[in-house]
Amino acid sequence: MAEPEVTVRKAGKDNVDVVLENMDLSLVNSMRRVFLSEIPTVAIDLVEVEANTSVLADEFLSHRLGLIPLDSSLANELEYTRDCDCEIYCDKCSVVLTLNAVCNTDSTLDVYSSDINVAVPARSDDSIGRPIQSSTDERGILIARLRKNQELRVKCIAKKGIAKEHAKWSPCSGIAFEYDPWNKLKHTDLWYEVDADKEWPKSKNCDYEEPPNLHDKFDYNAVPRKFYMNVETTGQLKPDVVFERGIHVLETKLAEIALALSKAEEETDW
Amino acid sequence: MNAPDRFELFLLPDGVEKVTVSPDQRMPNAAFIKFEREDHTLGNMLVKQLQQDPRVLYAAYKVEHPLFANFVMRVQTEDGYTPRDALKNACQTLIVQLKIISRKFKEGYSVMSMLE
Ligand SMILES: [Zn+2]
């Protein structure tokens, strides 16, 4: 098989569009699966509610806080709490965030994710755990709306994790994945009223492949070789970082297996 | 209430081996390999790579139960080649491919991000 080829079609702020060639479907699918669920990021995992007189229940508020994307570029500097020496959390395995808001006016007060502050920026770079803002003039995600005299006083502990444990740790909001846009391989059986060709819209990826020739015989041995992938992130990580770290996670997985096999070999005689 | 902890999907407990190779008693050069705390991400990729190996006669895997985070792979090879070596080669080939993909992605991405 020829060497794998990668073409980057678009490098956006929070998405990257790539065409991958000369590799197996299973490999690209594993990459997709790892991007979605096995790249470590940081998310709020513990919430200490000191005051919550809003209309939202504590659990409801905690859940909303957990889903807020936090900057995870430096997630690798953080330990997992389960590997840490501490009991519940410490500087090595967590980032402490605070949210304090009181409504003193007759009109309601909106509380946004940009109102969350990193309590102790103890590390070299204080970006870790900061709520993501797509631009400086916007206020982020609406968390709650307070009426006069209602108050929120919350301490949030953000931890490192992967999306296999909870989707809040997923750096990807979605991955578009396609191959064989002309359906030459017949992996898809298109439903139709009269004519599938007329009723189904063509994928834009059709421009990247030769249309099928009606007179060609069906090739039973053909396998997909060209894959179109658009990785869209939540902002926790930049899209190119998702790509690179995801591949690294896969490599580590394979290396771990190879190592375990060698180890098992020493212990048995066959 | 009695749902297993989510981290049991990927955290290898103490005393559990990552991979266990046991020979298939019925024929030579065949083995069952059990992978602990792994899923289709690894299983499918490895099996497809093994099937590319001309000295591999058979390679397949199954996730025996959806609540247990492991899968079993059966590999059969030609004489003078072991399932274990076949697997190690498959891992190696995939790592090489991933390194190429990563390198080419970085090159392509830096060019594209300069343009945009
Ligand atoms: Zn700790």
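Chain identifiers are assigned alphabetically (A, B, ...) following the order of the sequence lines, protein sequences preceding nucleic acid strands; residue numbering begins at 1 within each chain. Just the heavy atoms: all of them, side chains too, but no hydrogens, waters or symmetry mates, feed the values below.
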Structural part of K18(B) lying under 4.5 Å from a heavy atom of chain A: side chain

R103(B) vs V6(A) side-chain heavy atoms within contact, under 4.5 Å: no

Shortest non-hydrogen contact between Y109(B) and P239(A), atoms and distance: OH-CG, 4.3 Å

Segment of E38(B) engaging chain A (4.5 angstrom heavy-atom cut-off): side chain

Exam field: side chain K104(B) to backbone P4(A), donor-acceptor pair closer than 3.5 Å: yes

Residues I100(B), E5(A); criterion side-chain contact (heavy atoms from CB on, under 4.5 Å); working and verdict: CA-CA 8 Å; I100(B) 296 170; E5(A) 292 295 338; over 6 Å; no

Trace of the side-chain contact (heavy atoms from CB on, under 4.5 Å) decision for K164(A) with D39(B): CA-CA 11 Å; K164(A) 266 194 169 183; D39(B) 59 14; 3.1 Å; yes

Verdict with supporting geometry, D85(B) and L261(A), side-chain contact (heavy atoms from CB on, under 4.5 Å): CA-CA 9 Å; D85(B) 287 337; L261(A) 283 167; over 6 Å; no

From R84(B) atom CZ to S262(A) atom OG, the distance as rounded to the nearest 0.5 Å: 8.5 Å

Steps toward side-chain contact (heavy atoms from CB on, under 4.5 Å) verdict (Q97(B), E3(A)): CA-CA 8 Å; Q97(B) 286 197 26; E3(A) 198 175 75; over 6 Å; no

Interatomic spacing from CZ in R33(A) to CG in N44(B) - rounded to 0.5 Å: 8.5 Å

4.5 Å side-chain heavy-atom contact, M45(B) and L254(A): yes

Proximal component of L115(B), with respect to chain A [non-hydrogen, under 4.5 Å]: neither

Residue pair F10(B) / E38(A), side-chain heavy-atom distance below 4.5 Å: no

From V16(A), T7(A), I247(A), residue fulfilling side chain to side chain contact (heavy atoms under 4.5 Å, CB included) relative to F105(B): V16(A)

Short N-O contact, D240(A) and K106(B), less than 4.0 angstrom: no

Interchain contact, I95(B) with chain A, by part (heavy-atom threshold 4.5 Å): both

